[in-house]
Peer 1: 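The structure's right below; bear with me while I get my questions together.
On a predicted model such as this, the values are computed, not experimentally measured, just so you know.
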Amino acid sequence: MARVVKVFRTLRNNWKKSTFAVCVLSYGGYWLYGKHCDSLLRREACLLAREFGRQQIAPFERLRKATVILNPAACGGKANNLFEKNAAPILHLAGVEVTIVKTDYEGQAKKLMELAEQTDMLIVAGGDGTLQEVVTGLLRRPDQDTTCHTPIGFIPLGTRNSLSPSLHLLSDNKVKDITSATLSILKGETVPLDVLQIKGETEQPVFALMGLRWGAFRDVAAKISKYWYLGPLKTNAAHWLSTLHEWPLVREVTVSYLAPNLRPPDLSPQKPQRPNVLYRIFRRLKNRWSPPVIEPPKVEEPVQWEEKQLSTLELFVQTHNKNPVQRRINDSLMICAEPDNLTVGEFITVGNKKEEDSTVFTKESTKLEASACRLQLPEGTAGFYNIDNEEYEAMPVEISLLPRKLRFFISAERREQLLTQMQ
């Protein structure tokens, strides 16, 4: 008992050191517990992947090939380590023949995709920038009509992963997000996604999966990281200081757009059964003795572009990929424009919401549905677009919708959750 009393007396006399030691030990214990949980997640994912690897294949059937485009610079340079520890073992245990291609500089993924060989699946390991480069390089190829049928998997390793909530169930654990995204690739369930083709006056077209953003909220969002020393107040501070520099932050733009097109019925993935021999002989004889009447070609009606002058704080041309499983009547893109009469307080409030989800718009915003649009900016307009969170110089552009152009792997759980939200 005397020894216990002596210990408590020592702790009381050295309370500063004792407090520091308790804080260090608590943090260390929490860190070790997190590492243990991550290890359990990896083990569980590897056990599931091993079941795929144990499936038997025919004698002349080859292993599935996967080409991985990995951006080691993503997530502050941690992407390579995250991929090797959390995703690569799952792919190897599943019996997938993996070819890993690492990018060395910005824009290299576009060139790699223009020269890439045919593969069974394409896996993008990185963030928004890597994904946009891969999609752009893939759709710039001369044989893009063939290569666009290759299913694409997205492993979220970047700082921003805008497409990931549409494909995977997200959590606060980075390891869980990576392992679940990798397992969804192995399960093979896919969903078609729309693509935007954005073409300037001189440059080659750029392709986007989420959309094009331009305006005051975009400009402020690009400066928020400069106020890191303000902690949780940095978003409010960035929006408030921008209003002191200039107010109102209204942008003028002329939008020309085409009406949306009706969505054609989805084709069945299974090939129709071939008719029997007697039916085919009868059909040929019938066509020979009474040939079908060939209808004259239809005269195409001239395209009617509608024009609208907008005064807005932000313009966002986006796809419907936020919920890719939703059934829609039209194949269309959405043109959303915020009103130009927000007060400073409303500007800060809306800016905070857009920092969490840039696709959120106020009830008073203008929304147009179109199959294609043109953005004409006033002369001398400076600034930048955000195309899938990547900066491009603002200029007049034409945006076309490529409906259901690419197929991406999606987790079955996320598909069910999106279908439930629609009910």
Peer 1: Pairs in or reaching into residues 173-185: which pass side-chain hydrogen bond (donor to acceptor under 3.5 Å, both in side chains), with residues at least two apart or in two chains?
Peer 2: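 Listed once each, the pairs are Asp38-Asn173, Ser171-Asp177.
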Peer 1: Do you know which of Asp219, Thr381, Asp340 makes side chain to side chain donor-acceptor pair (under 3.5 Å) with Arg251?
Peer 2: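 The passing option is Asp219.
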Peer 1: So Leu186 and Ile90, side-chain contact (heavy atoms from CB on, under 4.5 Å) or not? Walk me through it.
Peer 2: CA-CA 9 Å; Leu186 300 179; Ile90 297 174; 3.7 Å; yes
Peer 1: So, using salt bridge (Lys or Arg N to Asp or Glu O under 4.0 Å) as the criterion, who are the partners of Arg328 when residues are at least two apart?
Peer 2: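 Salt bridge (Lys or Arg N to Asp or Glu O under 4.0 Å) check on Arg328 returns Asp194.
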Peer 1: Only one of Arg62, Arg64, Lys65 passes salt bridge (charged side-chain N to carboxylate O under 4.0 Å, His left out) with Asp120; say which it is.
Peer 2: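 Checked Arg62, Arg64, Lys65 against Asp120; only one passes salt bridge (charged side-chain N to carboxylate O under 4.0 Å, His left out): Arg62.
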Peer 1: Report yes if some heavy atom in the side chain of Ile155 is under 4.5 Å from a heavy atom in the side chain of Ile123; otherwise report no.
Peer 2: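 Yes. Closest side-chain heavy atoms under 4.5 Å.
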Peer 1: What are the two closest non-hydrogen atoms of Pro156 and Ile178, and how far apart are they?
Peer 2: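 That closest heavy-atom pairing would be O-CG1, 3.9 Å.
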Peer 1: Can you tell me if Glu314 uses its side chain to pair, donor with acceptor, with the backbone of Arg218 under 3.5 Å?
Peer 2: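 Judged by distance alone, yes, a pair lies under 3.5 Å.
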Peer 1: Is it true that Asn330 and Ser332 share a donor-acceptor pair across their side chains at a distance under 3.5 Å?
Peer 2: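 No - no donor-acceptor pair under 3.5 Å links their side chains.
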Peer 1: Salt bridge between Glu252 and Lys308, side-chain N to carboxylate O under 4.0 Å?
Peer 2: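 Judged by the 4.0 Å cut-off on N to carboxylate O distance, Glu252 and Lys308 do not form a salt bridge.
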Peer 1: Assess whether side-chain contact (heavy atoms from CB on, under 4.5 Å) is satisfied between Glu393 and Tyr385, documenting all intermediate values.
Peer 2: CA-CA 6 Å; Glu393 184 180 355; Tyr385 293 136; over 6 Å; no
Peer 1: Walk me through whether Leu262 and Asp331 qualify under side-chain contact (heavy atoms from CB on, under 4.5 Å).
Peer 2: CA-CA 6 Å; Leu262 286 174; Asp331 281 331; over 6 Å; no
Peer 1: Mind checking what makes side chain to side chain contact (heavy atoms under 4.5 Å, CB included) contact with Asn81, not counting sequence neighbours?
Peer 2: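 With sequence neighbours excluded, Asn81 shows a side chain to side chain contact (heavy atoms under 4.5 Å, CB included) to Lys85, given in chain and number order.
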Peer 1: Is the closest side-chain donor-acceptor distance between Gln318 and Thr359 under 3.5 Å?
Peer 2: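 There is no such pair between these side chains.
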Peer 1: For Gly127 and Ala74, work out which heavy atoms get closest and say how close.
Peer 2: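 Smallest heavy-atom distance, with atoms named: N-CB, 4.5 Å.
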Peer 1: Before you tell me yes or no, could you show the steps for Asn71 and Leu157 under side-chain contact (heavy atoms from CB on, under 4.5 Å), namely the whole-Å CA-CA distance, both residues' side-chain angles and the distance that decides it to 0.1 Å?
Peer 2: CA-CA 9 Å; Asn71 180 12; Leu157 299 180; over 6 Å; no
Peer 1: For a quick test of reading the model, state the closest non-hydrogen atom pair linking Met210 to Ser162 and the distance between them.
Peer 2: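 Minimum heavy-atom contact is CG-CB, 4.0 Å.
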Peer 1: Please tell me whether Phe217 and Phe347 form a close aromatic pair, meaning their ring centres lie under 6.0 Å apart.
Peer 2: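 Ring centroids of Phe217 and Phe347 are less than 6.0 Å from each other.
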Peer 1: Answer yes or no: is there a donor N or O on one side and an acceptor on the other, between the side chain of Arg140 and the main chain of Met113, under 3.5 Å?
Peer 2: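 Not confirmed, Arg140 side chain does not pair with Met113 backbone.
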Peer 1: Between Lys199 and Glu398, is the closest basic N to carboxylate O distance under 4.0 Å?
Peer 2: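 The answer is no: the pair does not qualify as a salt bridge.
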Peer 1: Test Lys405 against every option in Leu209, Val135, Leu139, Leu138 by the side-chain contact (heavy atoms from CB on, under 4.5 Å) rule and name the one that passes.
Peer 2: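 Filter result, single survivor: Leu139.
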Peer 1: With salt bridge (Lys or Arg N to Asp or Glu O under 4.0 Å) as the test, would you mind laying out the steps for Glu338 and Lys354 before giving the verdict?
Peer 2: CA-CA 12 Å; Glu338 290 285 11; Lys354 285 183 177 291; 3.2 Å; yes
Peer 1: Carefully, step by step, assess Glu117 and Arg141 under the rule salt bridge (Lys or Arg N to Asp or Glu O under 4.0 Å).
Peer 2: CA-CA 11 Å; Glu117 298 179 355; Arg141 291 171 60 115; over 6 Å; no
